[in-house]
Participant: 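Following this message is one structure expressed as structure tokens.
All ligand and atom numbering here is 1-based and tracks the order in the structure.
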Amino acid sequence: MTLPKHIAIIMDGNGRWAQLRHKPRVFGHIKGTRVAKKIITACSRKGIKNLTLYAFSTENWLRPSAEVSFLMNLLRRYLKKETENLVKENIRFSIIGDISRVPSDVKDAITKAMHATSKCTGLNLVFALSYGSRQEITEAVRTIVAKVAAGELAASEIDESTINGALSTYPTPDPDLILRTSGEMRLSNFLMWQAAYSEFFFTSTLWPDFTEADLEQALEDYSGRQRRFGAVLTNDENLHH
Ligand code: FPP
């Protein structure tokens, strides 16, 4: 089975899962965190090299402030509780996104977790937090333009690798597989540049119900796909048709 080198997941449907049970939305986020933990371990044990989880988008700041602070607290508690385990599993933790708006106690927890796991060589686990692809690209443009203005780079020298190198995901390879739960079929400002040749897997399962078996199914599905990156296949069968 061909394993993706990088899986990116949009963990969607926590709110609906809770509402279906007549519980407050945050109940879904608690269960969602437990599922995230399980899927992180599963990816690590399978030998996946990179896993990016969309934990909080730039648009999520528009949610009611009680839900926002609940999510922030959940993240802080998760990091505090899990760091030791991440080290044990040889998982390196980092984040992408604009964390300037993140409360300082959460920032501290992030810094600590990143520091503690910085020498780990197994799974590269990335939380997209206060992340938005348009913002990321805007920031990359600013960085590149500043270099041009300073005379360090000629406009004619700008190519795809210049842009790639200025994105927050660098040097992580582009996601091979993007998975979204809860039946929504859109990218929602997630890794738009990086998704150019990603395979997509959508499931109607809500994130709190997502299991290792669902992950397995996504991996099997991925494994059966032919990726051509816009080119043609070069095997004999293709040459003869
Ligand atoms: C989408 O469900 C989920 C989020 C906005 C947050 C994702 C966060 C977690 C799974 C928990 C935090 C993660 C970790 C690893 C600490 P939704 O609220 O948009 O659901 P809905 O579409 O049904 O309203």
Side-chain angles (χ1 to χ4, degrees), residues 7-44 48 50-86 89 91-99 101-103 105-114 116-117 123-133 135 178-191 202-212 214-215:
I7 305 179
I9 305 181
I10 303 174
M11 310 176 286
D12 200 6
N14 293 347
R16 274 163 287 167
W17 184 88
Q19 273 155 2
L20 282 170
R21 284 158 181 78
H22 309 288
K23 302 266 191 192
R25 294 173 52 82
V26 294
F27 187 68
H29 295 318
I30 296 173
K31 179 72 188 347
T33 304
R34 261 186 250 141
V35 171
K37 201 175 131 181
K38 235 194 281 167
I39 297 303
I40 292 166
T41 310
C43 286
S44 162
I48 304 281
N50 304 279
L51 174 65
T52 303
L53 298 179
Y54 208 175
F56 196 88
S57 72
T58 43
E59 291 71 28
N60 286 155
W61 290 112
L62 300 170
R63 291 191 176 198
S65 65
E67 185 175 343
V68 169
S69 35
F70 191 92
L71 277 167
M72 290 297 146
N73 272 324
L74 201 56
L75 184 69
R76 184 178 49 78
R77 292 210 316 263
Y78 166 85
L79 289 174
K80 242 181 129 176
K81 230 177 98 202
E82 277 307 299
T83 300
E84 208 181 301
N85 218 21
L86 293 176
E89 295 272 343
I91 298 172
R92 190 165 58 111
F93 171 78
S94 64
I95 66 138
I96 53 171
D98 172 17
I99 58 159
R101 296 172 75 180
V102 167
D105 56 346
V106 181
K107 264 190 234 162
D108 286 348
I110 290 169
T111 311
K112 278 191 187 137
M114 282 176 62
T117 63
L123 175 70
N124 172 33
L125 170 67
V126 182
F127 281 6
L129 181 65
S130 187
Y131 173 87
S133 212
Q135 287 76 359
I178 296 182
L179 200 157
R180 183 169 190 154
T181 57
S182 90
E184 310 292 353
M185 296 189 204
R186 54 178 173 264
L187 210 42
S188 300
N189 208 9
F190 188 47
L191 304 176
F202 297 107
T203 172
S204 57
T205 303
L206 304 173
W207 179 251
D209 286 328
F210 193 80
T211 62
E212 271 190 70
D214 295 316
L215 175 69

Participant: Mind checking what makes side chain to side chain donor-acceptor pair (under 3.5 Å) contact with Arg21, not counting sequence neighbours?
Facilitator: none

Participant: I'd like to check the side chain to side chain donor-acceptor pair (under 3.5 Å) partners of Asp209; sequence neighbours left out, ordered by chain and number.
Facilitator: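 Asp209 satisfies side chain to side chain donor-acceptor pair (under 3.5 Å) with Trp17 once adjacent residues are dropped.
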
Participant: Go through the side-chain N and O atoms of Ser182 and Trp207 and say whether any donor and acceptor fall under 3.5 Å apart.
Facilitator: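 No donor-acceptor contact under 3.5 Å links the two side chains.
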
Participant: Quick one: side chain to side chain donor-acceptor pair (under 3.5 Å) partners of Gln135, sequence neighbours excluded?
Facilitator: Asn189

Participant: Just list the N/O pairs, ligand 1 to protein, that are under 3.5 Å apart, with the distance for each.
Facilitator:
residue, atom, partner, partner atom, Å
ligand 1, 2 (O), Gly13, N, 3.4
ligand 1, 2 (O), Asn14, N, 3.2
ligand 1, 18 (O), Arg25, NH2, 2.9
ligand 1, 18 (O), Arg63, NH1, 2.8
ligand 1, 19 (O), Asp12, OD1, 3.4
ligand 1, 19 (O), Arg63, NH2, 2.7
ligand 1, 20 (O), Gly13, N, 3.4
ligand 1, 20 (O), Asn14, N, 3.1
ligand 1, 20 (O), Gly15, N, 3.0
ligand 1, 22 (O), Asp12, OD1, 3.0
ligand 1, 22 (O), Arg16, NE, 3.4
ligand 1, 22 (O), Arg16, NH2, 2.8
ligand 1, 23 (O), Gly15, N, 3.4
ligand 1, 23 (O), Arg16, N, 2.7
ligand 1, 23 (O), Arg16, NE, 2.7
ligand 1, 24 (O), Arg25, NH1, 3.0
ligand 1, 24 (O), Arg25, NH2, 3.1

Participant: Just by distance, no angles: are the side chains of Thr111 and Asp108 close enough, under 3.5 Å, to form a donor-acceptor pair?
Facilitator: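 There is no such pair between these side chains.
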
Participant: Answer yes when Glu67 and Arg25 have at least one side-chain N-carboxylate O distance shorter than 4.0 Å, and no when they do not.
Facilitator: yes

